[in-house]
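All of these numbers come straight from a predicted model, not from anything done at the bench. The residues of the chain are indexed from 1 along the displayed sequence.
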Amino acid sequence: MKSKGLLTASFLLLVLSAVIWWSNKKAATADKTPVETASVKLLNLPEDQIQNIEIKKRTGETLQLQRNDSQWQITSPNPLRADPDAVSSMLSTLSSLSSDRTVEEKATTLDQYGLTQPAIELNIVDKNKKTTMLLIGDDTPAGTAVYAAIAGDPRVFALSSYKKGSFDKSSNDLRDKRLLTFESDKVSSIELTAKKQTIAFGHSKDQWQIVRPRPFRADSSQVEELLRTLRDAKMDLSGSEDDKKLQAAFASGTLLVTAKVMDVSGAQELQVRKNKDDYYAKSSAVTGVHKVSTGTGTGLDKGLDDFRNKKLFDFAFADPEKIELHGGPKSYFLMRSGGDWWSNGTKMDPGTVSAFIDKIRDLSASKFPESGFATPVMDLTVTSDGGKRVEKVLLSKNGDNYEAKRENEPTLYELNASSVSELQNSAAELKPAPAPVPSKK
């Protein structure tokens with residue numbers, strides 16, 4: 001009996017020990033299991049309140065950014081202008097940074113998360129000189145997030161990997177890569193030397209004009225495209241060339257383009273050279289020689305005719321008020337009143353008038369001859385802009401084609417014969433509007 005009682009007591013003790021062990025194991029496991037909670041806002045810093053950012057990496061790199069008024073500067077490791085768009089993107093992520101979930105509410109050690117020596121440490125200083133330290137550690141096992149913590153907060157969080165990418169930046173990522181820093185809306189003139197010719201553009205009353213080598217009407221869309229190419233000219237930092245190699249490539253390259261831009265802050269100059277298949281640039285706004293994209297090189301390598309306005313008329317898509325066409329024995333006179341067109345007291349069919357106006361708009365030069373204008377065989381006058389713009393064009397025959405001349409302008413425009421024929425045919429198709437159908441009573 002005593003033996004049986006002893007066995008029973010031993011069994012009960014074993015069961016009790018197992019229960020205690022299981023209970024302790026569950027408690028320990030509960031402490032290490034991620035706490036699946038809703039997203040937690042880690043930072044609440046208005047973008048305009050952030051004054052300084054320091055980025056420290058586990059690899060030993062350190063990058064410091066500082067706001068001066070509304071401009072951001074890289075102050076370390078080397079003083080550089082910061083790219084306003086790149087910094088703004090990082091500030092946007094920082095100012096309202098939220099976690100994906102909470103991993104641990106009260107972490108006793110940060111080693112297991114890679115936060116003791118973080119992959120990235122961000123020190124953010126606001127206008128009140130308060131510093132907030134954000135720590136970003138190792139990847140989570142799934143690889144879709146990283147561990148993160150705020151210094152002084154015992155919690156450990158999981159942060160989406162793409163958010164880490166917003167902060168894992170180098171000087172090259174955040175520096176201003178623009179080679180020219182002018183303000184596009186304040187540019188008053190551009191000078192472009194390319195294809196052994198210098199072209200100067202002046203801006204007045206929202207219009208671009210060619211002022212050199214001679215005054216010509218400019219195609220404003222092409223000049224604006226030139227301005228965009230200059231504004232978007234940026235350093236290509238993807239290569240491994242050092243400064244000496246860049247200087248040598250520039251020095252031995254063929255001069256392609258020199259561009260000068262004038263805005264309210266003064267003049268800036270960009271010189272582009274081609275060496276084999278690569279393009280290199282030197283700017284008065286930044287130091288050194290830099291490689292640039294092929295698009296920058298080819299976008300600037302343009303001649304005079306690329307910027308001349310090939311359209312004969314400036315009324316574009318505005319509705320003219322009057323149109324007169326005289327060609328040999330035939331003449332056409334149209335006047336608009338409200339939305340209706342009239343000719344000698346007769347209301348005209350809107351479809352045929354619209355087609356005629358389109359043919360006038362389409363008149364464009366195929367090239368710009370220096371001579372060859374003879375006796376006019378046709379003249380076309382268009383009045384638009386409430387009577388403020390009156391454009392008269394004379395046309396003469398020259399071989400198989402026509403040459404046109406705007407009144408009071410020396411420029412000649414060569415027109416293909418087909419475009420003039422289409423204009424004449426469209427004029428011949430003008431007809432009165434259909435008579436109104438009487439209403440039935």
Side-chain angles (χ1 to χ4, degrees), residues 74 78-86 170-184 186-203 208 210-214 216 218-263 265-308:
I74 298 172
N78 296 302
L80 296 166
R81 283 196 317 268
D83 181 339
D85 293 334
S170 66
S171 288
N172 281 351
D173 295 324
L174 294 177
R175 71 179 294 183
D176 189 345
K177 300 174 187 64
R178 293 177 300 164
L179 292 171
L180 297 172
T181 58
F182 59 83
E183 296 183 60
S184 297
K186 296 180 180 177
V187 171
S188 57
S189 65
I190 306 170
E191 187 176 285
L192 182 72
T193 301
K195 299 185 183 296
K196 299 180 180 181
Q197 188 174 41
T198 296
I199 314 162
F201 307 91
H203 192 255
W208 285 100
I210 297 170
V211 295
R212 199 155 44 107
R214 298 204 310 268
F216 293 117
D219 183 338
S220 288
S221 65
Q222 290 300 313
V223 182
E224 289 292 339
E225 181 62 29
L226 169 66
L227 195 61
R228 278 191 293 273
T229 303
L230 289 168
R231 182 196 63 203
D232 295 339
K234 294 181 179 179
M235 312 165 188
D236 180 354
L237 301 175
S238 61
S240 58
E241 298 100 326
D242 58 24
D243 288 344
K244 287 185 179 179
K245 288 182 179 179
L246 290 170
Q247 292 280 0
F250 181 82
S252 60
T254 302
L255 179 60
L256 192 72
V257 172
T258 300
K260 296 178 182 178
V261 182
M262 177 72 74
D263 70 357
S265 62
Q268 296 183 20
E269 182 174 309
L270 181 71
Q271 189 179 112
V272 180
R273 296 189 180 194
K274 186 176 183 182
N275 192 323
K276 297 180 181 177
D277 293 329
D278 296 321
Y279 296 84
Y280 300 87
K282 194 172 186 179
S283 167
S284 63
V286 297
T287 58
V289 170
H290 301 278
K291 194 173 181 180
V292 294
S293 69
T294 300
T296 298
T298 56
L300 297 176
D301 188 21
K302 293 187 176 182
L304 178 63
D305 285 358
D306 294 316
F307 299 103
R308 293 183 65 175

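Annotation: side chain of Ile190 is in contact with side chain of Trp208 (closest heavy-atom distance under 4.5 Å). Counting heavy atoms from C-beta outward, Asp232 and Thr296 have side chains that stay 4.5 Å or more apart. Taking 4.5 Å as the limit, some side-chain heavy atom of Pro213 sits within range of a side-chain heavy atom of Leu304. Put simply, the side chain of Leu174 reaches to within 4.5 Å of the side chain of Ile74, judged on heavy atoms. A 4.5 Å side-chain heavy-atom check between Leu230 and Val187 finds every atom pair outside the cut-off. The side-chain heavy atoms of Phe201 and Ile210, taken from C-beta on, include a pair separated by under 4.5 Å. Between His290 and Asp236 there is no side-chain heavy-atom pair separated by less than 4.5 Å. Inter-residue side-chain proximity for Asn78 and Arg175 is flagged as unmet; no heavy-atom pair is nearer than 4.5 Å.
Side-chain N or O atoms of Asn275 include none that pairs as donor or acceptor with a backbone N or O of Asp278 at under 3.5 Å. Panel note: side chain Gln268, backbone Thr181; a donor-acceptor pair is recorded below 3.5 Å. Asp306 contributes a side-chain N or O that, together with a main-chain N or O of Gly303, makes up a donor-acceptor pair within less than 3.5 Å. Put simply, the side chain of Asp301 never gets that close to the backbone of Thr298: no donor and acceptor are under 3.5 Å apart. A donor-acceptor pair is defined here as one N or O able to donate and one able to accept, closer than 3.5 Å; such a pair exists between the side chain of Lys177 and the backbone of Asn172.
In the displayed structure, Asp277 atom CG is contacted under 6.0 Å by at most 12 heavy atoms of other residues, nucleotides or ligands. For NZ of Lys282, the number of neighbouring non-hydrogen atoms (other residues, nucleotides, ligands) closer than 6.0 Å is 12 at most. Around CG of Asp305, the count of heavy atoms belonging to other residues, nucleotides or ligands within 6.0 Å exceeds 12.
The two residues Val286 and Arg81 have their closest heavy-atom pair at CG1-NH2, 3.4 Å. Looking at every heavy atom in both residues, Val272 comes nearest to Gly297 through CG1-CA, 4.5 Å. Residues Val292 and Ala281 approach most closely at CG1-CB, 3.7 Å, considering heavy atoms. Between Phe307 and Gln222, the shortest heavy-atom distance links the atoms CE2-O, 3.7 Å. Between Gly295 and Thr229, the closest heavy-atom pair is O-CG2, 4.5 Å.
The OG1 atom of Thr258 sits 10.0 Å away from the CG atom of Leu300 when rounded to the nearest 0.5 Å. Note that CD of Gln197 and NZ of Lys302 are 15.0 Å apart. Values are rounded to the nearest 0.5 Å. In this structure, the separation between CG on Leu180 and CZ on Arg231 is 11.5 Å, given to the nearest 0.5 Å. Taken from CD in Gln271 to CG in Leu256, the straight-line distance is 10.0 Å, to the nearest 0.5 Å. Note that CD of Glu183 is 7.0 Å distant from OG of Ser265, once rounded to the nearest 0.5 Å.
Cation-pi contact between Arg273 and Tyr280: absent, since separation from the ring centre below 6.0 Å together with deviation from the ring axis within 45° is not met.
Between Asp176 and Arg178 a salt bridge is recorded (basic side-chain N to carboxylate O distance below 4.0 Å).
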